[in-house]
2 protein chains.
Amino acid sequence: MFEARLDQAVLLKKLLEAMKDLVNDANFECSPSALSLQAMDTSHVALVAMQLRSDGFAHFRCDRNLSMGMNLNNMSKCLKCAANDDIITLKAEDTGDSLTFLFESANQERHSDFELKLMDIDSEQLGIPDTEYSATVKMPSGEFQRIAKDLGTIGDTVLMSVTKDGIKFSSSGDIGSANITVRQNTNVKDQEDATVIDLQEPVSLSFALKYINSFAKATPLSPQVILRLSKDLPLVVEYRIQDMGHLSFYLAPKVDDEDEMGEE
Amino acid sequence: MFEARLDQAVLLKKLLEAMKDLVNDANFECSPSALSLQAMDTSHVALVAMQLRSDGFAHFRCDRNLSMGMNLNNMSKCLKCAANDDIITLKAEDTGDSLTFLFESANQERHSDFELKLMDIDSEQLGIPDTEYSATVKMPSGEFQRIAKDLGTIGDTVLMSVTKDGIKFSSSGDIGSANITVRQNTNVKDQEDATVIDLQEPVSLSFALKYINSFAKATPLSPQVILRLSKDLPLVVEYRIQDMGHLSFYLAPKVDDEDEMGEE
DNA sequence: CTAGATCACC
DNA sequence: GGTGATCTAG
């Protein structure tokens, strides 16, 4: 059987809020080492990859590998029935066709269980090569979200340019154009406010702001976001989940000459 | 060239929030002494006049007079990309066709520039005679806004009657009628809460509440509003901008017998 | 002033 | 239903 206990329901709630707009259905893969998920977004453009390591759970038992197909919207609905500080336990039989969510209030006064039916989902599990990236930028996630939102009012596309000094986000549209530069800055009181750039080679890539803004829904998961860029490789937008794992998004760069005309 | 630096972006943000619902496009006039704007509202009924004196800016340079035509909605969109406490700098070349907004976060970690295209706008610069008014009322701007909003639920028109003791706002409509009187009151701990009446002659005038409510969008600019009234002259609704200038609105009184029938 | 939540508009 | 605006609490 599979059983996983998490002291803070809020973590799972935020995780689903961050994924459900991008992905309708996905398989949660359970193994003795982790609970993980990998799925393409609805339009088959972006990839979502999540991992929660078993040692991060208050209790974790997985007798044999399981693949649990879920509708993320329904799962999110279910999780909304848990209070943020509820203790949450996921349970499934090895041969069952359902996943049970158990919510206990911190003081044990209330406990609820919700049972969701599992679905059969075709999933193409993609191998994600472990690449060396030309540029890695760690910055405050709230600032990244704000930049993506602001540029979204100006244009559809953002050009990200990383140099050793900082990262520049540029966009243009009908009403004008905008450049937002965030400087490397490690001289901060709180490490959460730092911007750190690890550069092998300067890089400049364009991405659709629509997806970047969807990724930024994961902001509540972590005070920092990590961007990884390399020429001709998908951008990685990674949110670390405290001591447990991560939620990462992958998005292929836009090629210049398909920008406006939509030609294939 | 033109260059103006303001330590608090929030001031410009509030200014545009207060004007953009009334005026679509307008020319910002730059001179060595001030940045100013004058425009009729979309329906050509009310007049908006704004002035920010150059000595109120942290830095101000204007080599020659410039008239910069802007779409106020686009300018507002752009300003929404600035944080409230950003330092904001406006820049334009004498011969250019664009205005650049530079935003710097207080800690210099982030800096953004937005470039908006300028427009050609016909503007009839009106001379506003410097009149002696029969009545001048200074009162808390929040109270004025609340009164305009409340009376707007009762009727379309407000009758303002000023006597030496106070100002009475009256309105009536299908569901009934309302009178709200604010007394002169200078005996307050905080000068922002004072109501001061300067009366040459009692006066009673009617105005369309629709415009009054639009003017009240400027409330965040100042804790006090100044109303100036004279028979047969436009009402002036003035918001002082701390040490820098003002945003004023002008609205002609309604003539009694054209109230309901709309006869010309 | 930021963050969260609720509410109104699109 | 999603987005933006407002209000409140920290």
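Below, read A as the first sequence line, B as the second, and so on, with proteins coming before strands; counting in each chain starts at 1. What you see below is based on every heavy atom in this structure, not just the backbone, and it leaves out hydrogens, waters and symmetry mates.
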Pull out every protein N or O sitting under 3.5 Å from an N or O of nucleotides 2-9 of chain C, one pair per line with the distance.
none

#### Entry: Validation row: Lys80(B), Asp150(A) side chains within 4.5 angstrom (heavy atoms)
no

Separation of dG4(D) atom C1' from Arg146(A) atom CZ, nearest Å, is 13 Å

Distances for protein N/O vs nucleotides 5-10 of chain D N/O pairs under 3.5 angstrom?
unit_1 : atom_1 : unit_2   : atom_2 : d
dA5(D) : OP1    : Lys80(B) : NZ     : 3.1

- Query: Is the number of heavy atoms from other residues, nucleotides or ligands under 6.0 Å of His59(B) NE2 greater than 12?
  - Reply: yes

| message | With no hydrogens and no angle check, just 3.5 Å: does a side-chain donor-acceptor pair link Ser76(B) and Lys20(B)? | response | no

Separation of dG4(D) atom P from Gln145(A) atom CD, nearest Å, is 11 Å

- Could you tell me whether Arg240(B) atom CZ has more than 12 heavy atoms of other residues or ligands within 6.0 Å of it? no

**OP:** Evaluate the ring planes of Phe103(A) and Phe114(A), with Trp represented by its six-membered ring, and classify them as parallel (under 30°), tilted (30 to 60°) or perpendicular (over 60°).
**Re:** tilted

Report yes if some heavy atom in the side chain of Gln38(B) is under 4.5 Å from a heavy atom in the side chain of Leu47(B); otherwise report no.
yes

Q) Gln184(A) side chain to Ile197(A) main-chain N or O, any donor-acceptor pair under 3.5 Å? A) yes

message = Taking atom CG as the centre, does Asp190(A) end up with more than 12 heavy-atom neighbours from other residues, nucleotides or ligands that are less than 6.0 angstrom away?
response = yes

